[in-house]
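A short worksheet on the structure shown next.
Hydrogens, waters and symmetry mates are skipped; everything else that's a heavy atom, side chains included, is used. Labels below follow one simple rule: chain letters A, B, ... track the order of the sequence lines, proteins then strands, and each chain is numbered from 1.
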Amino acid sequence: MIDALIVLVKIVLALTWFLLLTLLLTWVERKESAVVQDRIGANRAAVFGRRLFGLFQPFADAIKMLFKEDFTPTFSDRALHTLAPFLSFFFVAVTIAAVPFGDVIVIGGKRIPLQVADVSAGLLFVLAMLSLAVYGILLSGWASQNRLSLLGGLRGGAQLISYELALGLSLVGIVMVYPSLRLSEIVHFQGPNLFGFLPRWGVVLQPLGFVVFLVAVMAETKRVPFDLPEGESEIVGFFTEYSGLKWGMFMMTDFMEVIVASCLLTTLYFGGWQVPWLGAEGFQFPWGGTWLLPKWLVTVLQVASFNIKVAFFCWLQVLLRWTYPRFRYDQLMRFGWAWLLPLGVVNILLTAIILVL
Amino acid sequence: MKSWTAAVEIIKGGLITARHFVVNMWFHFWRFLGVRTKRPGAVTIQYPEVRRQLSPRHRSLHRLVLRPDGKPRCVACFLCVTVCPSECIFVEAAEDPDPEIQKYPAKFTIDLSRCCFCGFCVEACPEDAIRMDTGNLEFSGRNRAELQYPMEKLM
């Protein structure tokens, strides 16, 4: 009973965190793109005359989307057309369940991992859910009964499957270095130091894998350098026939994928909730000093560290989105198959050789 | 080798946008705290609250210059009507009791929906009776009739 309650609370907290961060990310996207381009960005949405740097803009957008007409074309397959955005949304939303926000905390003798579900094959679970997100895209293109939407969906399917391989291959290196598929254990393995001072983070042990993973996961989020499935600026994409809240769900899924990608980058390559040199008792500096901290402060620091890293990667992905122009489709395919895939294999080979030596 | 230069350029591009972000945020931060910096964080002018300084030569809404007694200087010579490329000025002349002036405009209407703000009327006027120096750029109308500015609105 109490266990079920704890899980329920964790689900609610994780989803709230996720959705609030998604809303915030739409604001960050507007503002960061503006700052990068020497502009100011949306700052007019106000509540009671308070503008707060346009922080109300996401809510204004949400209200607008709620009240827009939800139009289903008569020629489309109604059931599948409605199902597609929900599929897309669902598979991204469940991914957050496997992400460890912090270490195990003990309250009243009960061990509570700060993670919704400590799945034994967490890495595979995340990969599977990211792959299943293809169905939302393909289905929306298919159910629209619009041949341009269908082409968009097919482009999306081809792109996601191509980059899925590079994604999986780059993660093989991680599994070789940290022999576990459980995300919480992968984070635990990143705790100790290399040569006594360098944290054993994934980016230190797998620099090439990190680059491959970063590019592949950015392709997976379908944002600008890789936004061929959608192509909002000129080509017709897979959710052309959607409007209102369903369109909003596709849009939200995009932002949620950015957050999931940031969570994965943090968990796998930047030590998750680990703070450099912070153990369960407190800081153990490589130059010999120790700084003992109470248990609750350590937990708070770890959760804060996770959030800061996720925020950094969200920032980085938005920055990259506003830097690069879109790939041409053949360039996209060549880059995925002729560069990322071999690089992933090379990464596995190098890791294996170094591990054996 | 071509791919390596491409990779270098990709990283350079990212650093350029990152530099813009950091530098602009630096200025935004100090401006937010009320510190005068050498430039603001963005080139944006927040239009309705802040207005750009217009050049003295800027051509905006027309103005009929008045004599000391409050009547327009215009003598209804029709030069502006003749020179106007958009044919948007309509003048109706009437006889002035003062023999020095001879004529004055009984009606002087500018159709702003047609005006192209070339300023030829200002240059053509021998009496310096029409100028475009009000600095007023906000004269919208809900229909065409609202944009027919009669003499009273131009003085």
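Environment of CZ in B:R67: crowded, with over 12 heavy atoms of neighbouring residues, nucleotides or ligands closer than 6.0 Å. Shown here is B:R39, whose CZ atom has more than 12 heavy atoms of other residues, nucleotides or ligands within 6.0 Å. Counted within 6.0 Å of CH2 on A:W315, heavy atoms from surrounding residues, nucleotides or ligands total more than 12; the atom is thus considered enclosed. Atom CZ of B:F120 is surrounded by 12 or fewer heavy atoms from other residues, nucleotides or ligands within 6.0 Å. The neighbour count for B:K153 NZ, taken as heavy atoms of other residues, nucleotides or ligands under 6.0 Å away, is above 12. When the shell of 6.0 Å around NZ of B:K103 is examined, it contains more than 12 heavy atoms from other residues, nucleotides or ligands. Around atom CZ of A:R44, more than 12 heavy atoms belonging to other residues, nucleotides or ligands sit under 6.0 Å away. Within a 6.0 Å radius of CZ in A:F59, other residues, nucleotides and ligands contribute 12 heavy atoms or fewer.
For B:I16, no part sits under 4.5 Å from any heavy atom of chain A, backbone or side chain. Looking at A:R321, there are no atoms closer than 4.5 Å to chain B (heavy atoms on both sides), in backbone or side chain. Looking at A:F335, neither its backbone nor its side chain comes within 4.5 Å of chain B, counting heavy atoms on both sides. For A:W322, the part lying under 4.5 angstrom from a heavy atom of chain B is the backbone only. At a 4.5 Å heavy-atom cutoff, A:Q37 makes no contact with chain B through either its backbone or its side chain.
Here the side chain of B:N24 pairs a donor or acceptor atom with the backbone of A:V35 at under 3.5 angstrom.
Remark: A:T323 OG1 to B:I11 CD1 distance equals 12.5 Å, nearest 0.5 Å.
Across all their heavy atoms, A:L319 and B:A18 have their closest contact at CD2-CB, 3.8 Å. The heavy-atom pair separating B:T17 from A:V36 by the smallest distance is CG2-CG1, 3.5 Å. Across all their heavy atoms, B:A42 and A:R39 have their closest contact at CB-O, 3.3 Å.
Between chain A and the residues B:M25, B:H20, B:H28, the largest count of heavy-atom pairs under 4.5 Å involves B:H20.
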